[in-house]
There are 2 protein chains.
Amino acid sequence: MEELVPVLKRTKLFSGVGDENISTMLSCLGARLIKYKKGEYVLRQGEYLSDILVLAEGSLHIQKDDYWGNRSILGHIGVGEIFGEAYVAPDSGTLLNDVIAVEDSSVFFFDVKRVITTCSSACRFHTMVVQNLFFAISEKNRGLVQKLNYMSRRTTREKLISYLSEEAKKQNSSSITIPFNRQQLADYLSVDRSAMSNELGKMRDEGLLEFEKNHFRLF
Amino acid sequence: MEELVPVLKRTKLFSGVGDENISTMLSCLGARLIKYKKGEYVLRQGEYLSDILVLAEGSLHIQKDDYWGNRSILGHIGVGEIFGEAYVAPDSGTLLNDVIAVEDSSVFFFDVKRVITTCSSACRFHTMVVQNLFFAISEKNRGLVQKLNYMSRRTTREKLISYLSEEAKKQNSSSITIPFNRQQLADYLSVDRSAMSNELGKMRDEGLLEFEKNHFRLF
DNA sequence: TCCTTTCCGTTGTAAAAACAACCGACCTGT
DNA sequence: ACAGGTCGGTTGTTTTTACAACGGAAAGGA
């Protein structure tokens, strides 16, 4: 476990807590490290969860099977990412997704009770961890709300407009660079890549915008 | 302010904290009560926020104007609801939406620093409020993830299938009751009501499901 | 350099959705 | 009983999307 402490140092959960304090906190937080072989389940849909998890090594997929058995991959978890934190509330019900190891992986488990209940004053940085946890879930929240904003539009054009519009506000310029290539943008907005490319072409022809690769200019 | 304490008692933020303790906590949390006339802005897009808010009276709309000036209403805040909590992190940037009073309203402001930094032991219930806050944002998170799940499907049929499928799992039965009428369900899934009604009809004809009003049975 | 792969714009077709309009069933208040 | 309103199913038309297929530009490796 100790050899993976440097990884924890760089995570959002332990931001601002020095290495030397992390080792001390591990026991206070009830930390356990569990290793998974490629293909093994880390979490299963329908289980209850009482730990907050941090991926220390490897990579994971979040996936889901529906009532009729169709499987889809919802997302990816990389080293240092926090997950499971939205399902540890007493009334959160069971997990809705499976989490599976894409390669051999190691996961830290932190008992939520020991995380959110500040322990004795021995552990000065405990409060900071609780704050970090709150900020981390806040950040996820903001990302979800934004995406939902784009996705609730009916047409590809409207999705593009709302997305680019938001980026322009965020980057405070009508000339913006986006962090996606075409396929990724299409996936993000849940539309077909070629249809989206087509629509971008039309919008350019109509003088709404210009673009080159992942750089856009709005008019 | 005191006359609105009974409202706070029934909110998720103060769940488990007795009335008598709430009054005591208000000062410890740096609470302020601000009243708004109908039509006034409570929050503006582009502002930084350092308070967690709870609506005590009235009702609010969350709305948004895009780069080209089109306005849309994203949601509604009712009495007792917590809002703004996702934008108080130090690196959360500015607000993405406006919040406006639909009728005369009163809003409690709690300084986030005083909420998440546990105060001296005088305030036994402070820890509980922090937990409640975390659980509240968790709950929002889960709702957002679910909705995103449904909305990321390409066709109305797939959206319906994923939604009903999830409800069936949640209610642990193939016979389910949903909390929406047709228009609300269409709005929730961001599709056209009549097209959705049409699709439901086809799915029934194909033997995938049966329904009557807001009760569905899956096969 | 040549080969392969990735990226992305384009086109045509088939499928699906949006939209508008209409109708009947059911409430509710008068 | 009647008028007005809500709800939801149906239909036809138009618009938009998904899908499949292709080709050229650019990047990267052997």
Side-chain angles (χ1 to χ4, degrees), chain A residues 66 68 70-73 76 147-165 167 176-219, chain B residues 66 68 70 72-73 76 147-165 167 176-218:
Chain A
D66 76 12
W68 286 272
N70 315 301
R71 168 167 299 180
S72 62
I73 293 172
H76 173 264
K147 186 165 180 183
L148 217 37
N149 239 292
Y150 311 140
M151 299 236 321
S152 64
R153 310 301 165 125
R154 301 295 171 83
T155 65
T156 299
R157 171 172 298 217
E158 284 178 317
K159 289 179 187 175
L160 284 167
I161 283 181
S162 62
Y163 172 71
L164 294 172
S165 185
E167 281 300 315
I176 58 178
T177 303
I178 66 171
F180 296 130
N181 66 27
R182 291 289 181 280
Q183 185 59 63
Q184 290 168 333
L185 179 58
D187 288 344
Y188 182 70
L189 300 178
S190 273
V191 296
D192 179 73
R193 182 197 59 80
S194 70
M196 188 188 76
S197 232
N198 191 308
E199 196 62 35
L200 278 172
K202 285 187 202 162
M203 290 166 76
R204 182 187 46 205
D205 295 345
E206 293 172 25
L208 273 172
L209 47 75
E210 273 177 1
F211 55 89
E212 199 210 328
K213 300 210 172 187
N214 64 338
H215 184 80
F216 292 75
R217 172 183 292 275
L218 312 184
F219 298 113
Chain B
D66 76 13
W68 287 271
N70 314 302
S72 62
I73 293 173
H76 173 265
K147 186 166 179 181
L148 217 36
N149 238 291
Y150 310 141
M151 299 235 320
S152 64
R153 311 300 166 128
R154 301 293 171 83
T155 66
T156 299
R157 171 173 299 216
E158 284 178 317
K159 289 179 186 173
L160 285 167
I161 283 181
S162 62
Y163 172 70
L164 294 171
S165 184
E167 280 300 315
I176 59 179
T177 302
I178 66 171
F180 296 129
N181 66 27
R182 291 290 181 280
Q183 184 60 60
Q184 291 168 333
L185 179 58
D187 288 344
Y188 182 70
L189 299 178
S190 273
V191 296
D192 179 73
R193 182 196 60 78
S194 69
M196 187 188 75
S197 232
N198 190 308
E199 196 63 36
L200 279 172
K202 285 187 202 162
M203 290 166 76
R204 183 187 46 207
D205 295 345
E206 294 173 25
L208 273 172
L209 47 74
E210 273 177 1
F211 54 90
E212 200 210 327
K213 300 209 173 187
N214 64 339
H215 184 80
F216 292 75
R217 172 183 292 275
L218 313 184

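Here is how names work: the chains are called A, B, and so on, in the same order as the sequence lines, proteins then strands, and each is numbered from 1.
For DNA chain C, the outermost nucleotides in 5' to 3' order that have an atom under 4.0 Å from a heavy atom of chain A are C:dC7 to C:dC19.
Regarding B:L200, its CG atom lies at a distance of 17 Å from the P atom of D:dC7, rounded to whole Å.
Among residues two or more places apart in sequence or in another chain, the side-chain contact (heavy atoms from CB on, under 4.5 Å) test is passed with A:N198 by A:K202. Partners of B:E199 under the side-chain hydrogen bond (donor to acceptor under 3.5 Å, both in side chains) rule, at least two apart in sequence or in another chain, are B:R157. Here A:E212 pairs with nothing under the side-chain hydrogen bond (donor to acceptor under 3.5 Å, both in side chains) rule; sequence neighbours left out. Looking at residues two or more places apart in sequence or on another chain, you find a side-chain contact (heavy atoms from CB on, under 4.5 Å) between B:D187 and B:Q183. Every residue was checked against the side-chain hydrogen bond (donor to acceptor under 3.5 Å, both in side chains) condition with B:S190, not counting sequence neighbours, and none meets it. For B:Y150, the side-chain hydrogen bond (donor to acceptor under 3.5 Å, both in side chains) partners at least two apart in sequence or on another chain are B:Q146. The side-chain contact (heavy atoms from CB on, under 4.5 Å) check on A:S194 picks up A:D192, with sequence neighbours excluded.
No donor-acceptor distance shorter than 3.5 angstrom exists from the side chain of B:N214 to the backbone of B:F180, with no hydrogens or angles considered. Between the side chain of A:E206 and the backbone N or O of A:M203 there is no donor-acceptor pair closer than 3.5 Å.
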Sugar-phosphate or base contact per nucleotide [nucleotides 13-26 of chain D; S, B, -; heavy atom under 4.0 Å] = ---SSSBB------
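Regarding contacts with the backbone of D:dT10, every side-chain N or O of B:N198 stays at 4.0 angstrom or more from both OP1 and OP2.
Rounded to 10°, the helix from C:dT1-D:dA30 to C:dT30-D:dA1 has 40° between the axis fitted to its first five pairs and the one fitted to its last five.
Atom CE of A:M151 sits about 10.0 Å away from atom NZ of B:K147, to the nearest 0.5 Å.
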